[in-house]
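Please read the structure below before turning to the comments.
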Amino acid sequence: QVQLVESGGGLVQAGGSLRLSCAASGRTFSNYAMGWFRQAPGKEREFVAAINWSGGSTYYADSVKGRFTISRDNAKNTVDLQMNSLKPEDTAIYYCATRGRSGIRWDSSDYDYWGQGTQVTVSS
């Protein structure tokens, strides 16, 4: 059974930084791409960032490009999201997800397992 557990969310002032982490179990982690998504109140879930199986390829939503960095440690079965220069509009529940393929996708329907989410709140 695949499990994804996010951590690292919290309250931060605009311009600050947070680092989210997702711990994976139940699947050969290093074979599969991982993604981060977020959902703000009253809005649909949206893509944030994704990383391929090796960590050699990444992709970001335009809204976070240059501010967020996704990385993974296949030895530890973790994927992180470093978030810098945070803005109030980054406020959302952040979810990590895994898909049963090695390559990057940005459509949430391509991911088959999800974590429970971690709240990020950015105050102005």
Side-chain angles (χ1 to χ4, degrees):
Q1 182 178 358
V2 176
Q3 280 195 315
L4 301 174
V5 180
E6 301 97 335
S7 62
L11 173 64
V12 64
Q13 287 189 334
S17 298
L18 280 175
R19 188 176 185 90
L20 306 183
S21 187
C22 174
S25 62
R27 169 178 270 184
T28 306
F29 178 77
S30 59
N31 289 354
Y32 304 113
M34 300 291 294
W36 283 96
F37 292 77
R38 67 187 182 186
Q39 187 166 18
K43 295 188 177 181
E44 293 187 353
R45 188 172 297 187
E46 66 173 359
F47 170 78
V48 175
I51 189 165
N52 75 334
W53 68 277
S54 68
S57 181
T58 58
Y59 189 78
Y60 298 91
D62 287 343
S63 59
V64 307
K65 202 172 295 182
R67 300 188 297 122
F68 291 12
T69 303
I70 188 171
S71 61
R72 66 189 296 159
D73 186 334
N74 285 344
K76 296 181 179 179
N77 286 3
T78 58
V79 59
D80 291 349
L81 185 69
Q82 177 66 43
M83 306 186 295
N84 298 330
S85 302
L86 282 162
K87 304 175 182 180
E89 51 263 44
D90 294 318
T91 295
I93 299 174
Y94 283 71
Y95 300 89
C96 74
T98 181
R99 61 186 302 263
R101 295 287 188 274
S102 60
I104 289 174
R105 291 292 186 274
W106 49 87
D107 190 327
S108 60
S109 65
D110 288 315
Y111 290 78
D112 49 3
Y113 290 99
W114 295 78
Q116 82 289 348
T118 186
Q119 177 71 47
V120 171
T121 303
V122 184
S123 63
S124 57

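By convention here, the first residue in the shown sequence is residue 1. Please read all numbers here as calculations on a predicted model, not as lab measurements.
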Kindly indicate whether the side chain of [X], heavy atoms from C-beta on, has any atom under 4.5 Å from the side chain of [Y].
X   : Y    : answer
T98 : D112 : yes
M83 : D90  : no
E89 : V122 : no

Legend entry - Matching residue for Y111 among W36, F47, F37 - test: ring pair (Phe, Tyr, Trp, His ring centres under 6.0 Å): F37
Inset, instruction - Using distance alone, with no hydrogens and no angle criterion, decide if Y94 and R38 have a side-chain donor and acceptor under 3.5 Å apart. - result: yes
Main-chain N/O of [Y] paired to [X] side chain as donor or acceptor, under 3.5 Å:
X    : Y    : result
R67  : S85  : yes
R105 : S109 : no
N52  : S57  : yes
E6   : C96  : yes

Provide the closest heavy-atom pair for [X] versus [Y] in the form atom of the first, atom of the second, distance.
X   : Y   : result
S21 : T78 : OG-CB, 4.3 Å
L4  : M34 : CD2-CE, 4.0 Å
A49 : Y60 : CB-CD2, 3.6 Å
R19 : S71 : NH2-OG, 3.7 Å

Inset, instruction - Indicate yes or no: does D62 engage K65 in a salt bridge with an N to O separation below 4.0 Å. - result: yes
Legend entry - Cluster link Y113 to I93, ILVMFWY, side chain under 4.5 Å: no
Inset, instruction - Start with the C-alpha gap between D80 and Q82, add the side-chain angles, then the distance that decides, and say whether side-chain hydrogen bond (donor to acceptor under 3.5 Å, both in side chains) holds. - result: CA-CA 6 Å; D80 291 349; Q82 177 66 43; over 6 Å; no
Legend entry - Verdict with reasoning, F68 to L86, per side-chain contact (heavy atoms from CB on, under 4.5 Å): CA-CA 9 Å; F68 291 12; L86 282 162; 3.8 Å; yes
